[in-house]
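Following: one structure in structure tokens, then a few remarks.
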Amino acid sequence: MRIAELNGIWTAANVRTNEQYRARVPGFIQKDLMEQGALPNEYDTLFEPKIEWVEHDDWVYTRTFELDGEQLRSQALELVFEGIDTFAEVSLNGTVLGRTENMFISYRFDIRGIAQAKNELSVRIFSPTETMKEKEKAFGESLFLWNGISPRLFGRKAQYGYGWDWGARVATVGIHKAVRVESYEGVRGEHLGYRIVSIAEDKAIIAAKHKVVSALGESTEADFVYRLYDGDFIVAEKSERVRLAPGERVYEASLEIADPKLWYPAGHGAQPLYRLEAEVRTSAASCESACTVGLRDVQIRMPYDEQGRKFLIVVNGIEILCKGVNWIPLKLFPNLDTAEEYRTEIEDIAAANMNMIRVWGGGTYENHDFFAECDRLGIMVWQDFMFACGDYPDDDAFCELVRREADFVIDEFGYHPSIVLWCGNNENQFFIERSRKKRKHGFGEKLYFDVLKEACRRDTLRPYWPTSPYTLTFDDSRYEGDYGDMHSWYVWGQTHPYEEYREVNGRFLSEFGMQSYPSALVLDKVDPDADLRDPKFDAMQKAPNGIQRLFYYTVGDYRLPADKNDFVYVNQLMQANALRFGVEHWVSRMPDTSGALIWQWSDLWPSISWALVDYGKVKKPSYFYMKRTFQSPNVIAKIEPGQDEADLFVVHDRGDFSGKVKAEFYDLATDSVVRSEEREVSGLGYRSTAIGKLNVAGFDAATTVVFVSLLSAGGEVLARQAYLLGKPRQLKLKPANVQVASRPLDNGDTAITLTTDVFAKDVGVLNVPGALSDNFFDLRAGETREIVLKGSLPEGAELRAISLNGIRTIGYV
């Protein structure tokens, strides 16, 4: 096969104004116009009304390209678009090849007899907004939704582009994936995959599945050769003589693997990856395909218990405690992320002791580089189909469009072992129930419980879950939390105190979160002189009543700082406190609760949001709090204000544990430990173990910090957690002299040393983007902590230490 890449610089013309612009493919016209100064970029946070006109116009992308005689004489000559956003008409040399209507799938056009030596390619992209308005009008029924505009429901397009409660409205237009011309003789292979027939300790059998397209006019004999590699070594091989039929057909062959190596989630084993290669040879032509193979068994088990039914994701027989985050696109402009960008993000997730990412259903299906990193690092992927927060049409045409999308997604990405679950949508059970009050079947019910379910039935590598959250019933919501997965938004969403997290006993928390401001690094790029109620900052808050809620939760934990940046610091600490309070409760319930996935991992613009990592790639305190909470083995003390006793737990989701727990009561007035106790602990693996009560009566919440440590049988400190007996605002902290210093390491990283003369609360370095090994922790008097920054400090970055001790507050609160 010969490939002529058509990526690079095209011309994009606005049909209404006839203005022409340079346009990059893959790319989006809004991004091009921002880079050329014709539109403001996202750091003008008031930019939405200034750029909205783009989505209402039609745009024509054009370019020329040449083909040689050999290509023109090929038996097959095809123009391939891996992705167009979204509604487009494709023409070559004045001949219309066809139309596109789904951003999430690829399109292929036969250009034999149309292509010439010199060619002009034209792609007219119709206004997505106006097109979907027409579809909505033709449908004839009004549809309900949260976020964005109702026409978005009628297009297979990234839903967040019309604005969400954490994102700006940028309804993208463009050719966002690669374009190429393929010429070949005879045969072409695509979507090589496999199913696992059986796995045993001494042998595994897989069935390779190879979709082959024959451009030959009649059936012919072909040799199929399959090889499975472990590194450079062939561990299984099979050759077959097959009658190759014209057109498209899927061929299967079984391969037997001796002593198979199983793929495990991070923390539970290794992630060996095989490589499957398939070759098809006829007397006149041949083709080759390849994919990754990961051997593992994945099930959802829901055994009954006294509460209801557990929700367990079981990999290779192990009940996994799923610890992780929800993923939205990394940028306003999806699918343009590089392999290095994905690697950085997912390595940071793995470094935080997380093992699962839920790819949320309002974004996009990420690129192969995303899944390849998850494969490599053992990060499980809960993959939503792209439906979120609304009624969706269920007419035959839309159902067929969704069926084709599901078939494509499963074929394109299904070989990645990291994908452990397909899920039908995000939060649409509510909409189904609501609409069922006026029609027999709720809007979208056919999509999730029929179309997608049936499409996923042929994928035996992972289970299908119809909707998230899903309580196993449509008609009665009183069982919320007792069955299935749960999105817990009583805290924040209904402004309940975050202490109520401990009243939430869901079986799998697939969504929950607390907001905070981004770092001063981000705020200063928006406007270094603006106060926090400036319209530029208000525009960054998309959640209803979000600013009020931020202040409500922050003043519950802290006295009000007198300085803007200090308020941001304590507001971010509040987010960390809230998440820790909830997550400690849920992991202490394992396996009765088996998952905690935080909303959300990162920001895609300068947002005030629930993210752990802001748009400047500065990790908030919550990232490091979660890293310490998700470590295993770990010790948790469920201390609550006003309670004389705290429940102690050891969480050891990787295996059995034996060791000690040590509790130390540290007095802030004297900077000394005034009481210490130890106890022997042990427990079975893959769960948490209650190890009794810790008596905290008689200690002053204003002057006491409780350090609880987990020690190995040999005395090594495996984990240390610091707890307050009340709220941080109650603490009587001394002025602290926190010193910070840095030095380069031989490997190119940077060591940062923090030390203090008295107890210092939540010591950290501010506004440092990148991967820090730790940050925002408590230091005892005279204690020194060294942390490591991957790489060097960014140019111009100032290393500034902070602690709660040094925050100046307003005097009357």
Side-chain angles (χ1 to χ4, degrees), residues 519-520 557-559 561-563 565-574 576-577 580 618-625 627-629 631 637 639 662-676 699-709 717 719-743 745 749-768 772-789 793 797-809:
S519 65
D557 277 9
Y558 295 93
R559 296 177 180 271
D563 177 78
N565 290 335
D566 287 348
F567 178 84
V568 170
Y569 165 70
V570 301
N571 168 250
Q572 290 187 342
L573 291 177
M574 177 279 299
N577 295 338
R580 179 191 185 192
V618 177
K619 294 177 177 63
K620 299 178 184 179
S622 52
Y623 172 86
F624 300 99
Y625 271 50
K627 180 177 182 177
R628 293 190 284 268
T629 302
Q631 65 185 313
I639 294 174
K662 182 178 183 180
E664 299 171 288
F665 291 76
Y666 188 92
D667 179 62
L668 301 184
T670 61
D671 273 314
S672 61
V673 174
V674 295
R675 190 179 106 192
S676 179
F699 289 92
D700 185 355
T703 59
T704 306
V705 176
V706 183
F707 289 95
V708 182
S709 301
V717 177
R720 186 180 81 164
Q721 305 290 352
Y723 292 97
L724 304 183
L725 300 180
K727 289 289 193 177
R729 57 180 164 77
Q730 298 173 258
L731 289 174
K732 295 180 179 178
L733 295 170
K734 302 174 186 176
N737 181 19
V738 178
Q739 297 292 318
V740 59
S742 66
R743 59 186 175 84
L745 298 175
D749 293 344
T750 303
I752 299 171
T753 303
L754 292 154
T755 189
T756 179
D757 57 340
V758 300
F759 173 86
K761 178 69 179 161
D762 288 304
V763 176
V765 290
L766 285 176
N767 304 322
V768 177
L772 283 163
S773 62
D774 203 357
N775 211 1
F776 302 107
F777 39 74
D778 295 350
L779 289 179
R780 305 189 199 195
E783 185 178 359
T784 296
R785 185 81 59 89
E786 183 175 274
I787 60 179
V788 176
L789 171 68
L793 282 169
E798 178 185 357
L799 205 57
R800 181 195 164 201
I802 195 170
S803 71
L804 190 61
N805 305 54
I807 301 303
R808 183 173 61 88
T809 61

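Each residue takes its place number in the sequence, starting with 1. Please read these numbers as outputs of a predicted model, since none were measured by experiment.
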Q. With sequence neighbours left out, what residues match Arg559 under salt bridge (charged side-chain N to carboxylate O under 4.0 Å, His left out)?
A.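 So Arg559 forms no salt bridge (charged side-chain N to carboxylate O under 4.0 Å, His left out) with any residue.
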
Q: Could you check Leu668, Val758, Thr703 and say which one makes a side chain to side chain contact (heavy atoms under 4.5 Å, CB included) with Leu733?
A: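 Filter result, single survivor: Leu668.
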
Q: Under the side chain to side chain donor-acceptor pair (under 3.5 Å) rule, collect the residues that match up with Asp749, sequence neighbours excluded.
A: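 Per chain and number, Asp749 pairs via side chain to side chain donor-acceptor pair (under 3.5 Å) with Asn747.
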
Q | Partners meeting side chain to side chain donor-acceptor pair (under 3.5 Å) with Gln739 (sequence neighbours left out) | A |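 So Gln739 forms a side chain to side chain donor-acceptor pair (under 3.5 Å) with Asn737.
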
Looking at side-chain heavy atoms only, is the closest gap between [X] and [Y] below 4.5 Å?
X: Leu804; Y: Pro728; result: yes
X: Phe699; Y: Val706; result: no
X: Leu724; Y: Ile639; result: no

What pair of heavy atoms forms the shortest contact from [X] to [Y], and how long is it?
X: Phe624; Y: Lys620; result: CD1-O, 3.6 Å
X: Leu779; Y: Leu754; result: CD1-O, 3.9 Å
X: Ala801; Y: Val738; result: CB-CG1, 4.0 Å
X: Arg628; Y: Gln721; result: O-NE2, 3.1 Å

Going by the rule side-chain contact (heavy atoms from CB on, under 4.5 Å), which residues pair with [X] if we only count those two or more places apart in sequence or in a different chain?
X: Ala722; answer: Val705, Phe707, Asp778
X: Ala576; answer: Pro621, Ser622, Tyr625
X: Arg743; answer: Leu745, Ala751, Glu786
X: Thr750; answer: Ser742, Ile752, Leu789, Ser792

Say you draw a straight line from [atom1] of [X] to [atom2] of [Y]; how long is it, rounded to the nearest 0.5 Å?
X: Ile807; Y: Asp563; atom1: CD1; atom2: CG; answer: 8.0 Å
X: Ser676; Y: Phe665; atom1: OG; atom2: CZ; answer: 9.5 Å
X: Leu772; Y: Ile787; atom1: CG; atom2: CD1; answer: 5.0 Å
X: Asn577; Y: Asp762; atom1: CG; atom2: CG; answer: 7.0 Å

(Q) Donor-acceptor check, side chain of Thr755 to backbone of Glu783, threshold 3.5 angstrom: yes or no? (A)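 A pair under 3.5 Å: yes.
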
(Q) Using modelled atom types and a 3.5 Å cut-off, is there a donor and acceptor pairing between side-chain atoms of Ser773 and backbone atoms of Val788? (A)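 A pair under 3.5 Å: yes.
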
Check ring-ring contact (aromatic ring centres under 6.0 Å, His included) between [X] and all other residues, then give those that pass, not counting sequence neighbours.
X: Phe777; answer: none
X: Tyr723; answer: none
X: Phe776; answer: none

**Q.** Among Arg780, Arg720, Arg675, the one residue meeting side-chain hydrogen bond (donor to acceptor under 3.5 Å, both in side chains) with Glu664
**A.**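 Testing each of Arg780, Arg720, Arg675 against Glu664, the sole residue satisfying side-chain hydrogen bond (donor to acceptor under 3.5 Å, both in side chains) is Arg780.
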
(Q) Give me each pair satisfying side chain to side chain donor-acceptor pair (under 3.5 Å) with a member in residues 565-574, each pair once, sequence neighbours excluded. (A)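 Qualifying pairs: Thr554-Asn571.
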
Q: Could you walk me through whether Lys619 and Asn775 pass the side chain to side chain contact (heavy atoms under 4.5 Å, CB included) test, one step at a time?
A: CA-CA 9 Å; Lys619 294 177 177 63; Asn775 211 1; over 6 Å; no

Q) Can you pull the salt bridge (charged side-chain N to carboxylate O under 4.0 Å, His left out) pairs that have at least one residue in residues 727-739, sequence neighbours excluded? A)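 Qualifying pairs: Glu499-Lys727, Asp557-Lys727, Asp671-Lys734.
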
